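Hydrogens, waters and symmetry mates are skipped; everything else that's a heavy atom, side chains included, is used. From a predicted model like this one, the values you see are computed outputs, not experimental measurements.
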Protein chains: 2
Amino acid sequence: MEDGRQILSKLKGKGHRITKARSAIIDLLLQDRKPLTAPAICALLSSRGLALNRATVYRELIFLRANDIVRQVKFAGKATHYEINSGHHHHLVCMKCNSVKDVVLGKHLEHHERQIYEKEKFKVVSHSLEFYGLCRNCYRGSAT
Amino acid sequence: MEDGRQILSKLKGKGHRITKARSAIIDLLLQDRKPLTAPAICALLSSRGLALNRATVYRELIFLRANDIVRQVKFAGKATHYEINSGHHHHLVCMKCNSVKDVVLGKHLEHHERQIYEKEKFKVVSHSLEFYGLCRNCYRGSAT
DNA sequence: GTAATTGCAAAGGTTTTGCAAAATA
DNA sequence: TATTTTGCAAAACCTTTGCAATTAC
């Protein structure tokens, strides 16, 4: 699930409509490839000439989440972030400049998830892992 | 940093005052040992006869965070949770009953953190890891 | 034409802020 | 007494909801 057209045809296949708002939000999330908040999505689209109502954006995000196109990420800030739901990964969040970079780790956590079930009888469905620290630029800046 | 008195004397040592609100919030977080939201803290304290203003609770949580007594946890819900900042651990969040249980994993993540610095030059300071799934009770309930 | 989607306005919930009053040391 | 802390009220945000108008199919 990488290309915008693929996503749209998947939705169409399920009987959903292709609207301007829908494809614009998907395109934006595919383009930037970084988690965005709903207010940020409104602002970005607006600056590109497509002024969507907040309610529309929120409803669309709920819709895309229900269809497994998008997933939520909770960072330190107050608003919830959303990103395209492709390839399992984690995040490197810079505490200084707030940039977010994806990182892919091995399968080590699956081992923990088995362990958790054996020890606690808690059945893990998913997990979220965020690393907070200083990105390449900010770390170099503060060290020098 | 386990006992309420220890925390209070640490604060006192740094020149901070011991107030009713401050010690009540610390006691509550130490007692329940599970992450609470600010509104929940207000409600719980209020039901125990200590009605604090919301603003006071929020300001106190900022203060306790600045002093490393408390840390934020972001879960799926809308409000931010807070917990006593003791012993590094992670969370098992039940998607059905919303219960939260602490879990302590090994040092495996430190290995990843080193790797992240070597590969990305991103200097990790902390991380947050939450597992979502079904707790012992809810899993048994749905399986039967 | 029918049903899904949108905009608007209003409301709900969380969190922050200014300022005067109260409490701590 | 000198600061810090608190309460109150108001506001700032983020997010959701109802309803009528619009749009996609």
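For the residue pair B/Arg136 and B/Ser99, no side-chain donor N or O sits within less than 3.5 Å of a side-chain acceptor on the partner.
Separating the CG atom of A/Asn53 from the P atom of D/dC14 is a distance of 15 Å, rounded to the nearest angstrom. Distance A/Leu11 CG to C/dA4 P: 15 Å, rounded to the nearest Å. Taking atom CD1 of residue B/Ile41 and atom P of nucleotide D/dT6, one finds them 13 Å apart after rounding to whole Å. The interatomic distance linking B/Leu36 (CG) with C/dT14 (C1') rounds to 16 Å, in whole Å. As a whole-Å value, the separation of B/Lys12 NZ from C/dA23 C1' is 14 Å. The nearest whole Å value for the distance from the NZ atom in A/Lys78 to the P atom in D/dA12 is 12 Å. For the pair A/His16 NE2 and D/dT23 C1', the computed distance is 17 Å after rounding to whole Å. As rounded to whole Å, 15 Å separates atom P of C/dT14 from atom CD of B/Gln72.
Ranking C/dG7, D/dG7, D/dT6 by closeness to the B/Ala21 side chain, first place goes to D/dT6. Here D/dT15 is the nucleotide among D/dT15, D/dT3, C/dT6 with the atom lying nearest to any side-chain atom of A/Thr80.
At the phosphate of D/dC14, neither OP1 nor OP2 sits under 4.0 Å from any side-chain N or O atom of A/Thr37. For A/Thr19 and C/dA4, the shortest distance from a side-chain N or O to OP1 or OP2 is not below 4.0 Å.
Looking at which nucleotide of DNA chain C each of B/Tyr82 and A/Arg22 is closest to, the 5′-most match is held by A/Arg22. The nearest heavy atom of DNA chain C to A/Leu52 and to B/Ala79 marks one nucleotide each, and the one closer to the 5' end goes with A/Leu52. Checking B/Lys20 against B/Arg17, the closest nucleotide of DNA chain D that is more toward the 5' end is the one next to B/Arg17.
Residues from residues 54-66 of chain A placing a heavy atom under 4.0 Å of any atom in DNA chain D, listed by number, are A/Arg54, A/Ala55, A/Tyr58, A/Arg59.
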- Message: A/Arg48 vs A/Asp27, test: side chain to side chain contact (heavy atoms under 4.5 Å, CB included). Steps then yes/no.
- Response: CA-CA 12 Å; A/Arg48 297 179 190 187; A/Asp27 282 351; over 6 Å; no
- List the steps, then state whether side chain to side chain contact (heavy atoms under 4.5 Å, CB included) holds for A/Ile41 with A/Glu60. CA-CA 11 Å; A/Ile41 291 171; A/Glu60 194 56 38; over 6 Å; no
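Aromatic ring orientation, A/His108 versus B/His111: tilted (interplanar angle from 30° to 60°).
A salt bridge does not link A/Asp32 with A/Lys34: none of the charged nitrogens is closer than 4.0 Å to a carboxylate oxygen.
For NZ of B/Lys14, the number of neighbouring non-hydrogen atoms (other residues, nucleotides, ligands) closer than 6.0 Å is greater than 12.
For the pair A/Lys121 and A/Tyr117, the distance from NZ or CZ to the six-membered ring centre is under 6.0 Å and the angle to the ring normal is within 45 degrees.
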